[in-house]
Amino acid sequence: MSGFDGGLLDEADETVRIRFVVNGRKIACEVAPRETLVDCLRDRLELTGTHAGCEMGACGACLVQLDGRAVHSCLIFAVQADGAKIDTIEGLTESGLLADLQAEFHRRNALQCGFCTPGMLVNAQELLSQVAEPSREDIRDALSGNYCRCTGYEAIVDAIDSVAKERMKARSEGGGAT
Amino acid sequence: MSAPLTSLDRPNSYIGRSVPRPNAKRLLAGRGRYVSDLRLPRMLHAAFLRSPHAHAKIVSINIDEARALEGVHLVATGADLAKICTPWTGTLDHFKGMTSAPQLPLPLDRVVWAGQAVVAVVAESRAIAEDALELIEVDYEDLPVVVDIDSAREAGGPLVNPGTANNTCFRSQLDNGTVDDAFAHAAHVVEEEFTFGRHTAVTLEPRAIVAEYDPSAGMLTVHHGTQTPYQFQDLYSRHYGIPEARVRVIATDIGGSFGMKLHVYHEDMAVVGLSILLGRPVKYLADRMESFVSDIHARDHRVRARMALDAKGEILAMDVVDLTAIGAFSTYPRTSVVEGNQVIRLIGAPYRFRNYRATLEVIFQNKVQTSQYRAVGHPIACAVTERLVDMAASKVGLDPFVIRAQNVIADDAYPQTSPTGYRFEALSHQACLKRLHEIMDYGSLRAEQADLRKRGVYRGIGIAAFVEITNPSPAFYGVGGARISSQDGAIVSLTPSGEVRCLISVTEQGQGTEAIISQIVADQLGLAQERVKVITGDTEVTPHGGATWACRGAGIGGETALQATRALKRNILEIAALILQEQPSALDIVDGEVVDAATRKQRLPIFEIARIAYFRSDTLPPGTQAQLTVSHHFAPQGYPFAFTNGIQGCSLEVDVETGLIKLLKHFIVEDCGRVINPMLVDEQLRGGIVQGLGAALFEECRYSETGQLMNGSLADYLVPMPMEMPDIVIAHVETPTADTELGAKGVGEAGTAAASASVLNAVNDALAPFDATISSIPITPAKVLKALKRF
Ligand code: FES
Ligand code: FES
């Protein structure tokens, strides 16, 4: 931090340099130690597809993938993501990983205001990557950290259910690889 | 244009079709543009210091240290903003005798609820603004707190507004027929006292606003997460003295609203003032804790009600007293008495009886304001009525379906006027009741219930009929002096390349307004839906209108679009007729082609008409002026409201050891008139039902004796989550309104209206073997155990 008169700066100005791979691109940035990952993604990197609904791990709107697993970006500080691979709804859309889920959500109108949707999609992907053939009960259970005020959930459950079946079918047709 | 609207077999017949929402794809890709995402050049951030006291005098405020913090641009108190903002009062003329104290963005000398914003800080970042809040010192002197309804009504007790006679905001009475006589001669009387907890909207995106005042242009632009941009354009203009044409309100994507985001909030008004003081964009985003203490709450009613019946179970009369506590002010500009007013007017609505008396008392207390949230008053009116009907049924010895079938207004007996003064055009209670019986497979459900009861499993079945208010005319707000429009406007143009653009005053909050408007336009013009672009939510580009609330988007907005499109079509065909040397009446438009009306033979694509009209007007007959843009307004006439109706059913299981309730399945039969998009209608119903189920079982803003909100976070305030919610079976009856060509009524609140009532009835049904009853919502496990005398 050379070049500044240290006297002008206080604790709040201190930043830490972090490097991570966000949506496939290497990124280095200076963050305040108290900055959460969701704030860093939204404010600094302008990845506003990740939303904040509670900032305390209760609503699931802020889910992103960290090293391939769903995490609440409101519960980790940006500095904790140093060295990690982060994928947000923007990157996951571009890579096509969620394309079948997105199409099915669209077809069944499994969203209204869309504020919960990116988190729902990340969590749906997480579930389907862990459980090949979830029951409706499993799906409702897995989504129980994702709050949606608009839809009543049923269309979301239906959409995930049908994508799970489609993916199963595709896998068995593809030679039963798991 | 005489083709029947419901025919789905002709091309471009979109009305009645489940087409997906075109703009949902953006949201699925994380490309939504919510106000909380917005960042403007030179934008600053506001944060608010809030009162820790429910009622206190502000003795002094010291902002010196906060002001000195690096990065802080402005620290403003009530006095600073009072210099530029005129006060507002949440009363309406047609609520005779109602009172409410004038309000300012920030208080001058007294705080009236815990969580009220007191001082505003504007800084380079939200974090700096919040740091500065910690440097502000406010000296308070506690005043006596008014928390519960009873102490608020005590003579000589503490007052929310010192100097006033009492804590009454409004009183109203209805008295029709001969109520005392009916009760005196009744064979049966059932009576109950009901309580309904406070709950709140909990939109997933909290309130968000970015205000930008440009002093050089004298222009205010407000990006506002709201349902009603025109209402706010008017308010910002009048309270800050800026000409209306220089105030622009833009409502882009919004993360849920449900009525909550159409009220004036102190912080929002303050942010506009802060941006005027600074001449820079100022952003404020409520965090979740702030939402809980500053968003409007709803309900908070205590209703004492009784019902008189004859020996055969015919309802003779109802007598009701509704007490409701609304916080320290009545909200602006829609007031906080509409809910109570709708409670006493909707009670008993499905039924035939003529003798009705009701008293409404609206009371101030030291809590955040209550006001209109999805299904205003309906869940209360419905729960009171339907629980009494069930109590009567068991007293007379009738099945819940039978007593309702016996008492509902017959489908062929309309029009009717209710004893509370509502005029019903045409409702379908009998048809809905019959259909619900079928889709519930009622007989088997009852058999299964009896079977399980023998094994110590307690299932309950509850049904609840409802009437919903939609498509309000000026009778709702306009007559009371509120500048809230009941009409809508649309501007429809044929673009030079033959597409259609529709700018319309109704707004989108995810319910699919833009989708259904494009369906109606495409259907009425004769064009593929992809070739219609709908634009909403910007006062600078769309005509003035009421926007979206009280389920008016489809009914009023849809009719506006329909009439505007028909006018555009006439204009297009006039030009086509000149070009083709035909009579306009001999032509029609199908799939973007002008055709012979009789033979459907293609004559000319409409893009050719557009090309000629815009670029080669010299080839048209002299004197021709093509009008390929039409602006059109529609104000509802005829009935003051388009009432809808329906009935819900609930199947659940009560664990009598733990008091936990498991919802097994929910059913609804709904009649919203003409259905424009069945998939979107069903989504409205499901979403609405789940909000109602949340209210029924979980949601309550709990306060301490000192007026502190005890559960103001998403970890403590329980909202319905996927695991607890049932699948919902839906059926429709369609009784279009004859007041419009389209025939659509509203649907957004029907789900919420009767969900808690059907749960209440089902829980009481499950507890029947124990002689235990419940009359309080939310129905928590503790209340169940208490009713069972196990707690
Ligand atoms: S914002 Fe992270 S869980 Fe709600
Ligand atoms: S679609 Fe609005 S919160 Fe889920």
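Throughout, a chain's letter reflects where its sequence line sits, starting with A, and its residues are numbered from 1.
One finds the CD atom of A:E154 at 9.5 Å from the CG atom of B:D682 (value rounded to the nearest 0.5 Å). With values rounded to the nearest 0.5 angstrom, A:C150 atom SG is found 15.0 Å from B:R686 atom CZ. Separating the SG atom in A:C113 from the CZ atom in B:F258 is a distance of 6.5 Å, to the nearest 0.5 Å. Remark: B:S18 OG to A:R108 CZ distance equals 12.0 Å, nearest 0.5 Å. For the atom pair CG of A:D138 and CE of B:M723, the computed distance is 8.5 Å after rounding to the nearest 0.5 Å. To the nearest 0.5 angstrom, A:Q112 atom CD is 9.5 Å from B:E508 atom CD.
Considering every non-hydrogen atom in both B:R21 and A:L111, the closest pair reads NH1-O, 2.6 Å. The two residues A:Y147 and B:P720 come nearest to each other via the heavy atoms CD1-O, 4.1 Å. The shortest non-hydrogen separation linking B:L28 to A:Q102 is O-NE2, 2.9 Å. B:A715 approaches A:M56 most closely through the heavy-atom pair CB-CE, 3.5 Å. In terms of heavy-atom proximity, B:P722 sits nearest to A:S144 at CD-CA, 3.9 Å. Across all their heavy atoms, B:Y34 and A:F115 have their closest contact at OH-N, 3.4 Å.
B:A127 touches chain A through backbone and side chain together, each having a heavy atom under 4.5 Å away. Using a 4.5 Å cut-off between heavy atoms, B:D727 contacts chain A through both its backbone and its side chain. Within the 4.5 angstrom heavy-atom criterion, only backbone atoms of B:Q509 (N, CA, C, O) approach chain A. Only the backbone of B:I254 comes within contact range of chain A, judged by heavy atoms closer than 4.5 Å. Proximity to chain B involves both the backbone and the side chain of A:E137, based on heavy atoms less than 4.5 angstrom apart.
With respect to the salt-bridge test (charged N to carboxylate O, under 4.0 angstrom), the residues B:R126 and A:D39 do not qualify.
Taking 4.5 Å as the limit, every side-chain heavy atom of A:R149 sits out of range of all side-chain heavy atoms of B:T203. The shortest distance between side-chain heavy atoms of B:M725 and A:R140 falls below 4.5 Å.
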Practice task
Decide side-chain contact (heavy atoms from CB on, under 4.5 Å) for A:H51 and B:L204; before the verdict, give the C-alpha distance in whole Å, the side-chain angles of both, and the deciding distance to 0.1 Å.
Solution key: CA-CA 9 Å; A:H51 299 147; B:L204 192 54; over 6 Å; no
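Of the listed residues (A:L98, A:D141, A:V157), the one with the most heavy-atom contacts under 4.5 Å to chain B is A:D141. Ranking B:G512, B:P206, B:A24, B:A29 against chain A, the residue ahead of the rest is B:A29, based on heavy-atom pairs under 4.5 Å. Of the listed residues A:I156, A:N109, A:L143, the one with more heavy-atom pairs under 4.5 angstrom with chain B than any other is A:N109. Comparing A:D158, A:T117, A:T151 by heavy-atom pairs within less than 4.5 Å of chain B, the highest count is held by A:T151. When each of B:Q691, B:K25, B:M289, B:M721 is checked for heavy-atom pairs under 4.5 Å with chain A, B:M721 comes out on top. Chain B forms more heavy-atom pairs under 4.5 Å with one residue of A:P118, A:A110, A:C54 than with any other, namely A:C54.
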May I have the list of side-chain donor-acceptor pairs in residues 40-49 of chain A shorter than 3.5 Å, sequence neighbours left out?
{"from": "A:R42", "atom 1": "NH1", "to": "A:T48", "atom 2": "O", "distance (Å)": "3.3"}
{"from": "A:R42", "atom 1": "NH1", "to": "A:T50", "atom 2": "O", "distance (Å)": "3.0"}
{"from": "A:R42", "atom 1": "NH1", "to": "B:D37", "atom 2": "OD1", "distance (Å)": "2.9"}
{"from": "A:R42", "atom 1": "NH2", "to": "B:S36", "atom 2": "O", "distance (Å)": "3.0"}
{"from": "A:R42", "atom 1": "NH2", "to": "B:D37", "atom 2": "OD1", "distance (Å)": "2.9"}
{"from": "A:R44", "atom 1": "NE", "to": "A:E35", "atom 2": "OE2", "distance (Å)": "2.9"}
{"from": "A:R44", "atom 1": "NH1", "to": "A:E30", "atom 2": "O", "distance (Å)": "3.0"}
{"from": "A:R44", "atom 1": "NH2", "to": "A:E35", "atom 2": "OE1", "distance (Å)": "2.6"}
{"from": "A:R44", "atom 1": "NH2", "to": "A:E35", "atom 2": "OE2", "distance (Å)": "3.4"}

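With a 6.0 Å radius and a threshold of 12 heavy atoms from other residues, nucleotides or ligands, A:R167 has its CZ atom above the threshold.
For residues 60-83 of chain A, a heavy-atom distance under 4.5 Å to chain B picks out A:A61, given by residue number.
Checking side-chain atoms of B:R288 against main-chain N and O of A:G53 turns up a donor-acceptor pair under 3.5 Å.
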